[in-house]
Every structure is written in C-alpha cells, then in structure tokens.
Amino acid sequence: MSELWMMIGKRLLYGLLTLFIVSVIIFGASEMLPGDQAQALLGQSATPETLAALREQLGLNDPAPVRYWNWLAGAMSGDFGISTSNQRPIADLISGRLYNTMFLALYAATLAVPLSLVLGLLAALWRNSIFDRVANASALTSISFPEFFVAYILIVWLAQGGHFTSLARIRENTTFVQRLDMTFLPALTLTLVVTAHMMRMTRAAIINLMASPYIEMARLKGLSPLRVVLRHALPNALAPIITVVALNLAYLITGVVAVEVVFTYPGLGQLMVNSVADRDMPVVQAISLIFASAYVLLNLLADVLSTLSNPRLRHRR
Amino acid sequence: MTDAPLLEMTDIHIEGRTGDDWVPIIKGVDLTLQRGEVLGLIGESGAGKSTLGLAAMGFTRDGCRISGGKVMFDGIDLLASSVGTRRDLRGSRIAYVAQSAAASFNPAHRLIDQYTETPVVHGVMPRAEAEADAVELYRRMQLPNPEEIGFRYPHQVSGGQLQRAMTAMAMACRPDLIIFDEPTTALDVTTQIEVLSAIRDIVAQFDTAAIYITHDLAVVAQMADRIKVLLRGDEVEEAPTREMLAAPKEDYTKTLWAVRSHQRAVQPAARGVPLVELRGITAGYGRVPVLKDVSFEIHKRRTVAVVGESGSGKSTAARVLTGLLVPSAGEVLFEGEPLPPDFRKRSREQLRQAQMIYQSADTSLNPKLRLRALIGRPAQMYLGLQGAALDERVRHLLNLIELEPDEYIDRLPSELSGGQKQRVGIARALAAEPKFIICDEVTSALDQIVAEGILNLLDRLQAEFDLAYMFITHDIATVRAIADDVVVMQSGKVVEQGEKADVLSPPHDPYTELLLSSVPEMDPDWLTRLLKERADIADG
Amino acid sequence: MTFLWILVGLACLGLSAVVLGWLFRFPLVALTRGELRRAMRGAPLMASFGMLVILIYAAVALLAPVLAPYAEREVIGAQYLPWGEGHLLGTDNLGRDMLTRLIYGARNTVGIALATTALAFSIGALLGLWAAAVGGWVDTVLSRIVDALMAIPALIFSLLLLTIFGTSIINMILVIAAIDSTRVFRLSRSVAQGIVVMDYIEAARLRGETMWRLITREILPNAMAPLVAEFGLRFCFVFLMISSLSFLGLGIKPPTADWGSMVRENATLISYGDITPLLPAGAIALLTVAVNFVVDWQLHRASGLKD
Amino acid sequence: MTRSNQNGLSRRRLLQGASALGGAALILPAGVRRASAEPMKGGVMRFAIAAGSTSDGYDPGLWDQQFVQVFATARHNYLTEIASDGQLVGELAEEWASDDAVTWRFKLRSGVTFHSGKPVTVEDVIASLNHHRGEDSTSAAKPIVESITDLTKDGDWLVVTLSAANADFPFIVSDYHLAIMPAVDGKIDVTSPDGCGPYVVDSYEPGVSATLSRNPNYWKTDRAHLDGIELITIIDPAARQNALLTGEVDVIDPVDKATVGLMQRAGNVRIISVAGTQHYVFPMDSRAAPFSDNNVRMALKFGLDRQELVDKILNGYGALGNDHPISTSNRFHNSDLPQREYDADQAKFYLKKAGLETLDVTLSAADAAFTGAVDAAVLYAEKAAAAGININVDRAPNDGYWDNVWMKKPFCASYWGGRPTEDWMFTTAYTTGVPWNETFWSNARFDELLLAARSELDEAKRREMYFEMQKIVSDEGATVIPMFASYVMATNDRVGTPDQIAANWTLDGFRAPERWWLTA
C-alpha cells in the first residue's frame, strides 16, 4: 500500500510541474496574442489617450516577467487576483461557474458512463451480432457530428416539442430538481458525444480479453456468457475502461464550450473563451489551471483506481 | 457402474478457419474411455491433441467447428444436446485443467473464489461447504498452508502450486472426467514431479477418468493406462502403456521413442587463453543480486552448457556477457582482453564477435521484415556487403540452414514453422561471422524431432566455423546431447562446473543430483520408484 | 410516428450498406492479387462497404471540378433555395449551389484533414517512438511537456494559437497537427513501450543499430496497426475540430468550401426542420463510419482474432 | 425662458428643448396610434441579447455592447433622450437653452431620486459627465465630451461651456455612455448599479443575465409598464431564435437576417425591423497605394452589387448605401445624389483612368465587423472580378479584430452604429486627423464645411452644407458604404410596442424596457 502512496505523491509532484508548465505556456501565449486588454475593453472606441490611461489603470505597463511573477506569487498564496475587466475577485467570478461546470459534467457522466458500459458490455457479449453493428455504427455517427449540431438537433426534437427547455437559466434560487430539468438537454448532448468513445473502448477492452486462457477456463467451467463477461472479463478490463472514462470526464469538464454556448449555460468554457477575447489574463490563467488540474487529478484518480483494480499491484507477493 | 464406456467419441472431424476456408484439424478420430481410466494423448505440436481433448467436452475454440462425428458422454449426445445441457455438464461432470495455470486462473479473483464458483453455479453445494471442501482438496493436493492458500491471488502463488490448485478446482464437483492439457509442460523438472504425483494420487483416490494430453513420452508413461498417438489430426496407434512402450508398432511412434539419439563427439580438452571468460561477476536488477560471484570460461570450438531451473540466473549471465546488464562487480574478458561492461561502449567489432540466438524465434525475429533483411542486415552492417554480394551471402546462409533460398528469401517469419524460424535465428547469428554464439534455450519451445535437427545443425556449424557456444538450457537431455563443459547454476551461484563427463557422473553436488534424478524416464514405474526412494531418504 | 419512420429509414440505410458492401467485394477481389486478394475475399461486408465509400470520396475529391455543376464560389441564385432543378440540393446561405459546395468540400476537407493528420502522425509518432526507445531523461522531458500540453483543452488551445498566428489554412493545419500530435505521441509511446522489450529490438540494439534505423525499421513497422487505427479516428476528428473552431468564429477562410464550416454556416436551418445542414454533417459522419469500419477490420486482422 | 414658436425653424427652436413628456408619451403624428397599442401594466419581459461578455461591468466608460447598453438604459436616465421619431426631448433636463451654441444651460428636473432614495442633483450630473473627461479618463466617450471646457452649477441649472460652438450639443448628452449616476465626493462609483432610471437591478451576472424590477418611485408615470425585466445573453444566433420559438424569452435581438424568413413562418413571431443609421462599410486606407488614387476608390465603389448585399447579407432588411454615412432617417439626408449602382464598365473606366488594367487587393473581414461581413466580402469579390478587380478575401479572427485589422489593414470591413446628427457622424469618422477616421482621409473643403455647419444656425444653409459634404464623401471619400442595415428584432405575440419604434439604436433606442409592454 505504501507504494501506492508513493505513486500518488510522485504523481502529485508531476502534476504541480504540469500546472507550472501550463501556466507558463498560457502566459506566454497570452503575451503573444495580438492586442491587449485595454484595446479589447475599448474595442472600436479606443483612442490612443484612453488606451494609455486604461493600460496604466490595469497595470499592463509592467514588463511581462514582472506580471507573471506577480501573478504566480499571488496564485501560490491562493490569491488569483481580481478580474482586470470588471474588478471582481476571480475566486467569486469562477466559483459559481466552476460549480455549474462540475454539475453538468457529473450530470452527463451519470448518464453516459453507465450507458456506455452497458452498451459496451452487451456489444462485447453479442459481438458481431446485429446489435453490436448497429451500436457501433450509431456510436460512430454520433461522434462524427459536431457537438453544437447534436445540440441543435436535440433542441428541434425535444425542446421545440415542448418537452425540455433549451435555455439553461440557472439562478441562485434554482432548486436541484429544476436544475436537473433545465440542464437535461446539455447533459444529453454531452452524453451522446462521449458515450461512443467509452462504449467502443469498453467493448474493445473486453473483447481483447476474450481470447485469454482464463476466459476459456471460465467457459469450460460451464459458466453462462453473461457471467463470463461480468465476472471474469470485466474486472480485468477495468484499467483501460477507467482510463477512458477519466479522459472523457476531463473532456466533460474542459471541452464543452460549444454546448455551453448553445444552451447559454454559464460554465467555465464560455468564461474562458470570453476572457481570451477580452484579454482578461488573470481569469484565463485561473481557468487554465482549473482545467489542467482537472485533467491531472482525473488521470491520477484513474491510475490509482486502475492500480486498486489490479490485485497484482494491490497485493504484492 | 455400467459397462458402457464413460466417453465415446466416434469419427470426430474438426475444422479450423483461415480466412474464408475451413481446414481440417482432426480427421476422423475415435476415442473411448472407461470410468476411472486414464488415457494419454500424445503427439507433436499441431497434432490436434488439445482440440480433440476439448471436443470431449463438446467445446471448440473460436474459429473451429466440429464438422462430423459423435460425442457420447455417459449416454448423453453432447453435440446434439442444447447449449444449456452442455454448459451444465462442464465443470460439474467434465472438468478441464489447462496447460498454464498462471494464465488460466483469473488474476482478478482469489483462488478460493474461483474454486467455489463451479460448485455454487452448478448448484452442487453452497459456498460455505465448498470453501471447506476446497481446504480439504488443497490438503490432498499437498499444497502448503491449505487453510490459507485459497485466500491468495494467483500471482501470489508459485507455478507448481497453481497447477495443483487448478487440479483441485477441477475436482471441486467430483467430475467423472478431467481433461489434463499439458499440465506440467511449463514447470521446472523438480516441480513437475510434485505436480505429477499429486495429480496421479487424486485421480486414483476419486476414481476419476482422465484424458492426459502431453508431448512428453516419459511423463505420459507415468500417468496413463493407455496411450493414443496423434499425428496431424490422425490417430497413429493406441495401446496400453506398457505394451506401447515395449513395442511401438508404427514407424512414427518409433521415431518418437528414438529421438534422443544425438550425441556430440568428445572434443579435446581445452587449453590456452579462453575465448570468453566471466570473472567474479556479481550483478542484479535493483539492489537484489541475481548473480553472485559467477566465474566460468568458454574455450574456442567448445560448447559450454549452463544448466539451471528458472530463477537460477543463467539468462542473467548471458545478459552480462552481451553487455545488456552492467555487473556491479567482476569483468568479462574476450580473448583475454576485458570488454566494456556496457554494450553501447563496445566497438562494432566486439559486438560482431559475440552473437545470440534467442529462445523464442517469435519474439526475436522482427515479424515485419523478410528473411532477406533479417539475415542480410548483420552482413550488411558488419561486413559492408551490398547488392549482389549481399544477396549471394544471404542465399549461402539460407543454404547453410537448409532452407531453399529461392523459396524462402522473401518470406516473413510468420510464414515459417517454429523450427524454420529458429534456423533463421541461427543464420542471422552466423551472418556476422562471429567467434562465439550464445544459445538461450534455443530448443525448449520446439518439438523433440525438430529440436534434434537444430542441435545437429548447430553441431555441424560449430565444426565448420570453429565456433564456441554458450548453451543455456534447463533440459538435461539437451546437455547430454550437445555439451563439452557443463556449468550448473542455482539461485545465482555456480554449484558445479567441469567437463560433461565429470559433472554428469557421480559423485554429484546434491542439487545436480536432484536435477538429474528429476528428469522423467520412459519407465512407467519410474515415478513410483523415485518417490519411494526420496521418501526413504527423507525418513532415513 | 416520425421516430418509426426514422427507424425504417435507418434500417434501409443499413441494409443498402450491406448490399453495397457485398456487391463491391466482387470488383475488389477481381482487381487485387495475391495476399491482398486473400484479404479482400475475407473482408467483412461492412469493411468492403467502407472501402467503397472511401473510394467514392477519393474520386469525388480528385474529380471535383469535373463533377461539380458550378464553380466552387459561384453564386447561382437566392439563398437557402429548396432542393430543385438547377440546384439539386438547394443553395446555401449565400446562394451558392449546395451540391457544388459539397463536392468541393470533399476535396478541401479531406485534403486538409489528411495533411493535418499526416503531419500530426509524423511528429507525434516519431517523437513517441523515440521517447520509448531511448527512455531516460529524453522520455521524461518529452512526456512532461506532452502532459502539460494535453492538460490544456484542445479547442481552447487551438483557439489561442490561431488567434496568435491567424487562420490561414497552413496555420490551421499546423496548429491542429501540433495539438493532435501530443495525443499521437502518447499512443505511440505506449505502443512502442510494448515493442522495445521484444527480443528482436534487443538483438538490433546489440547489433549496434543507429537510433533512427531502430525506430524506423524495427519499431515503427510493428507499431503500425494501432497507429493506423488511431489515424482513422484522428482523421475524422479534424473535421470536427474545424467545425468547432468555425463555431467559435475561426474556421477555414472563405470562400473555400469545407464541410466543417458548412455545417456551421447552415446549422440554423435545422431549427426550422430543413435537413440541408445534415448533408455536410452526414458527409462527415459517413466518412467517419466508413474509415472506422475499414480500420476495425484491419485491427481485427492484425490482432489475429479468428471470429 | 419662452417656449419655441411652433412654426419655422427658428434659432430658438433649434437651440432650445424641453421635455415633451407632459402630454402625449411620444411625439407622434396624430392618428398613427391605434387603440390596440394601448400599453398594459405588469409582467416580466425577457430579452435575449446577442452581445454580452463576462468582462462587462458598471463603468459607463467601458460600455460597448448591446447588453450593457440596454442594461444601462434600463436603470439610468440621461439629460436628454431621442424620442421614437428621432426628435430630441428632455429627460432629466427639463429644458435647455443657449444663445451662442458655446455656452449651454440645462435645467434639472426636480423631485427625481436615485434608487437609493438620494435626490438627483446638478453635482451628480457634473460628476457623471466628468467621469468621461480629463487627462486620465479611460472612457470610450471621451472624444464626444472633449469639447466641454467647463461644467458649473447655477441653482437648478447646469452650465456647460464648450471650446467651440456646437448647435447639436444637446444631442450629445443623450449618448448612452453619459448616464447620470450618484456622486460620492464629486465622483461616481463605477461599481454601483444605482441610477434613477425605470428599473432597479436585482441581480447581475456579467455575460450571463441580469434581472431588474420596476423602480416604484420612477418619475415617468406612463413609462416602465412592466413589473420587471430579465436580460439574457444568448450569443449563438440559432440558440437565440430557438429560445424565442420555444417560449423561453419574449424578445430577441438581433435576429439572424439569413433565416428571418424561415423564422417568421415558424410561429407566433413578430419581426420588428427598423431602418436606422447603422451602416456597414469597407474603409480603405486613403494614404496607401493603390487606395490613395481616387480613381481606384471609385472603381471599387462601382465594383460591388449593393442590391445583392442588401438582399443576401441583410436579407432585404436594410437600405442601399450611397458611399456616405448619412441615412434617410437623418435630418439632412441628401436625396439629390443619384444612387450608385453596380457597374463593371464604370469600374473598368475608373481603373483605366488610374492607369490600371486589373487590380489586386486584399479585403480583410471578420464577422466581428458586422454579421455577414465575410460573406459580404465574398460576394463583393465575386462581382468585382467582372471588372478586373481581384479581391482576395482574408478572413481575420473575430477576436482582436478591432485591434489588429481595423485601421491597420488597408482594406477591411467595419460598421458604424450611426450617430443621431450629421455633425456627430462626420466629426467622429471623417474629419482630418480624428482618432476614428478609419480611412485617414483628409479633405480641406469638407473640414471647412463641417466647422461652418456646426455653428451655423440657419437650417437651410446647414442643409446645403451637409448636402455638399455628403457629395464630397460619396465621390471622393475612401469608404465604400454599400448598405444601411436595419435593426431586426423579433418578439412573441405577447409583446406590445408603440407604433413607431426609434431608429437611433436597436431595441427602440435601447429603451424597449421602458417603452414596451406585455399584453398577456
């Protein structure tokens, strides 16, 4: 067990390193972005004098390394600063959005993960059957439609029919149940987007094992195909399945800006794109770090779970 | 008990699919088994032994089908019965013990869970009862700590113990018939004996009928009441064991009996500076040393056999020699000059002089390269051959290993048989024109007749090119056949070394003695006698 | 009721795919030789259907100027005309012929996707194989960098980069390829890690082969199967990426027709029950499915599974 | 302080204004109003607005997008207001006057309070205007108040002194930036939503939504009919339209012009189209070759099919432009100028005059300039090709368009929201050397006329001058102005509006929240 802790510790350190590299990359990229925040804020109305005044006010005149250092020092002490656009503390600005993003990600995952596991298992169980082929072809079709397009189709089908709302208007007093109802369509869209990948991986991971001697052994013990798949193949296929689930969870957290836009859902993705457009670098940095942390932590979690699912690694000789 | 046989297979035809075509694997074999009887099924790889054994359960592997014949098990027509009926029989009345227990136990579950699964699913007994029964059977299989061993995961248990646990698992429902599919092939000789005796005892105790599949005559001689010989899906002959051993009728059977004929001429004793010398090598992975102060010499034109069981460090010695593993102490000398310990520091010439032939040609030949490139590459690199000269050289090498150049030069490894692949491995080593070749278990994955051919070839080449061999093996028979000198290793140390005649004749080091005595002999009473002898020694 | 009709439609589609696949296998078998012919004869119907689709796409892409009724950027009438004579699939948001745009789209989209994926694989696979073959600090450094790059969401990262460098087709190819190559790196590294422990790699090392030769001759050929499979998927993801970028206002420069941007440009129509925007999306989907059918078959062959 | 006499365009009529809110709510020709248009009270109207960003805030100097503009007008009042018919009326200023167009006096309405309960004073007005003035002002409105040299208080009166005469000054203080906010120590608090307008802010999430409820103490008794409003940012056009179709919102702005026809067919939707001053332009850098040659400019002006652009880009919701920025809704629109049409021969003729056979230019465009800008550029290129003009359309990223392309690239797409007065428009973008002169165009005669017209108080003379200026810009200017884009909005059938809807800005001059009502 101590080896597991060692691994977690090492991976966390690597994670910090990753976050650091990410922050440098993002900062560097934002430095290279044409124009700065003053121009972005004033837009077409900018004049040289107002630009200069606004730059001064926003502290954009410091050299880049100084600004990076200031930001880093602040971030290390847990202070991500204030949004330079509208002087709101970034923690406030982001916390609500982060909750929304996590809510939607978990909602979609709750729909998608069981669905894709069941479909993947059934496809593996009945491989090369009509079911398998239809599931495979529809999964491929669903991933080859752009997300926003899937969203439009769902809106036409489900929202114009009056079944669900196409506008996720989250308010402070929105109850949990209302929230579930309001975000059903975005969650469904994301479910369609990620299910295919996870389903195909589950199927492949299980089929990959079906030629193993221990599966043949299980069949020769007179076990039913379902039991063979569930009890003998699945536990050994967990590692790749967990990995792909983690990858998709990370995607659900970090990659859903199009869906947020279509359903006007106030998540982090939109905020990020907005902040890039506004050159609001403290916000961009903070969100990048949140995204990177989600990625790092989910990967770590996947590795820990894979380790735990593997008795060879769980119990040494 | 009735007089009707327990299992009666008549005119079994089995086909396997390659692409769109069906190729026959079993071509009309009959098999009859009485209750409590053990039938040995013997043949080379590809003879269809396992396929036939599985067919006795009404089972075929994916891509195979039973295209004709009838399997009657205790009055039930297996092939005509429903999937459910067959499933009910499997595990409960007909059980299977696979070749590699390590691969056939599910790594995700504890032994006891896998044991109890069959009786619980088939409704033979409840879980608690099954657990108690498991302990009882583990004890009978002479497993250490029978109360606890079931609560371990497969990877926590050694290969020999796993094989016994698997036999116990097969016994869980007290089946009428067990199919043993090469249960000891993957084990070391000393371990093999324990497993063989345990299997033999328990089959006898429960009066279970068995089909015992193996390629090893000496093993089957200990286990079976009758022996059936298969060759490429056809039955060659069948007879009671002693009868078959005493007087095989068919030519093929006779060749099987006579394979161990190769004998290397005695070479003059070694003199002068050794070609290769390991001096005081200590090496290992991480902090644990695998080799402890190992020294031996290899002289020109001589074959040194390094013998030991798995984990003895014989392959590690080869890795130190080639420079893949840098020793923590000691040095490797070539013609008296020390070699840089890391192969990356060695000159191209030094690399050329020592070549290696691997145990598994499947993993040592790049599956995507044709023989022309596989064999030609060392000649191209070391000797600078190009174009027609290179082609000429490759053809010559193919001739040396007795493969027709025009037919084989543009083949992929996957288009060759096991023995041919191993020959290609040899040709690749020869292409560098080395003085010294390491042969790492080169025959252990091959059938005996094929192995014999390889040994003959190596012997011939040695004489032709003045080669020195380091021959790593666990098989005493091979040692007898090919070695000039023998180095016996155990847990990283050399326990005995010297000329073959000295090492293989008494007095022995105790470990050498154990190794030698554990090699099965063709005598059907050998196992009984050996166990008795050992029991006497233990008592006495 | 509509749902039922959709089901019936899909069933017909599936059936015709099977029939087409079956029919196409005859020319495939007839026109190939030796090893390839054996493979073709054993090709599942879905794979043969996939090959037919890919072949048609390739032909359309190559023959675009011949096949298209109008010029790529020619305005032929009012916008969003319904399907009809003179404009079989209607017109787009600027009154250009939809069919023409789809045909040229095949050329541009497939070309761009191919270039992008090829570049991504050249960079990613080589670095990945190198990292696995060399190990040590090279591996560690490369893996750390790739990890960090992968921790930045792909869409947002490409948005950043394209804003910096501009959205010319070249930049788009470079940026998407760079981001994709991190994913390829990870895959090829893990595949290669399984290969570098093989005896034949050890033999090649012991022979003193150079790293370049080790990677290109010994490792790469054996890593091809999973890489090809990944190529199939990545290839299709490029369309989606372009489409998503177009959604964020950074698509292919007009008036170049590409399916990703076409989906975006005409997407609003779907809200009014017009299925025209389904055409470019369908073109992408059909190609994705077709490519993956072929890839699945190839993987299956490579894995040596019998059923 | 006498009221203006109603006939003629006397000096006093021009220089004096007053709230018209005493009687009829809107200055409308009698008889246009219908009984059905009678406003009803109550309800919450939900607006879906395209532009809104997380970086939006309460600082009036940085308001630049529709969401904040409507939001600001919903909670703030201004000194003056442009009524639905384009006339200037007083809002917080009860009346105003000037003798020389240099010194302006505004009388502040009494009894008006901020949402916080504090009365609105002249000090608040001064602080609010001062926010946009001065050296370190970061306000986008700085250029329009730059001419103010002094602000003083005289009892209930605000006295404004200008550096030069400006007959249109009262129009300027209706600008949406110049909201009147409460002063604290002589400065306004740019983080506070407090205002004296029709609605009080309940919640605001920048870039997402704002909810407001009716100001119970609002001084206009016949405005702000609703209990509350909700403003929602929906950036995606399809999503916006879906929101209206599925009944999630009551008003959407803007409507995607390309699919407006389809939308109209889709259900109980009312399309509101207002022809206004907003125009889409393709400015050229008049300093750079080949655009420095007016013949090239003329060739480019003849090389595009304006009608096609209006039809395809605006889907008919707009008017033809004539290469000058003054729309038909302006007071002094020059209707004598012949409409310039697509004419490849003319274009060729001018090319030849410039000594060219063919012309290769790059036109940079992004939809950030205006919706459909890229498509418009593509259509432009298609038609210009016939005249030997090869236009290479360079699609620039939306993000950063105004910083990196506009006024940086020699030929690009741009738009103007339009200004209520000719002077304002010309001063902003056509005078020599002003910061937003996007073509860097300079014409002495034009500059001279502009100055003269600004202080000219005789309307007939002014009209003449503005007519000439329009002709100069049209024939010599460096901007291709193909079209005036209507503001196109859509509402569901529950929304009631006055018959006349203001054209100065979208959403009834941003004032839909206080002018519109719900019928059910």
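Lettering follows sequence order; numbering is per chain, from 1.
- Closest of all the heavy-atom pairs between A:A29 and C:I164 is O-CD1, 3.2 Å.
- For A:F145, the parts lying under 4.5 angstrom from a heavy atom of chain C are both the backbone and the side chain.
- The distance from the CE atom of A:M272 to the CG atom of C:L159 is 8.5 Å, given to the nearest 0.5 Å.
- The ring pair (Phe, Tyr, Trp, His ring centres under 6.0 Å) check on C:F237 picks up nothing, with sequence neighbours excluded.
- When heavy atoms are compared at a cutoff of 4.5 Å, C:L240 approaches chain A solely by way of its side chain, counted from C-beta outward.
- In this structure, no portion of A:L19 lies under 4.5 Å from any heavy atom of chain C.
- Residues passing the side-chain contact (heavy atoms from CB on, under 4.5 Å) test with C:T117, sequence neighbours excluded: C:F121, C:F231, C:R234, C:F235, C:V238.
- If you measure heavy-atom distances from A:F149 to chain C, the contacts under 4.5 Å come from the side chain alone.
- Shown here for A:P146 and C:V263, the closest heavy-atom pair between the two residues is CG-CG1, 4.1 Å.
- Both the backbone and the side chain of C:L160 come within less than 4.5 Å of a heavy atom in chain A.
- The heavy-atom pair separating C:T288 from A:L140 by the smallest distance is CG2-O, 4.2 Å.
- Comparing A:A258, A:S293, A:S288 by heavy-atom pairs within less than 4.5 Å of chain C, the highest count is held by A:A258.
- Scanning residues 141-153 of chain C against chain A with a 4.5 Å non-hydrogen threshold yields C:R144, C:D147, C:A148, C:L149, C:M150, C:A151, C:I152, C:P153, sorted by number.
- Your options are C:L155, C:I284, C:L286, and the one with the most heavy-atom pairs under 4.5 Å with chain A is C:I284.
- Considering only heavy-atom pairs separated by less than 4.5 Å from chain C, the leading option among A:V296, A:V284, A:V22, A:I21 is A:V22.
- Residues satisfying the salt bridge (Lys or Arg N to Asp or Glu O under 4.0 Å) criterion with C:R183, sequence neighbours excluded, are absent altogether.
- Of all heavy-atom pairs spanning C:F293 and A:A137, the tightest one is CZ-CB, 4.2 Å.
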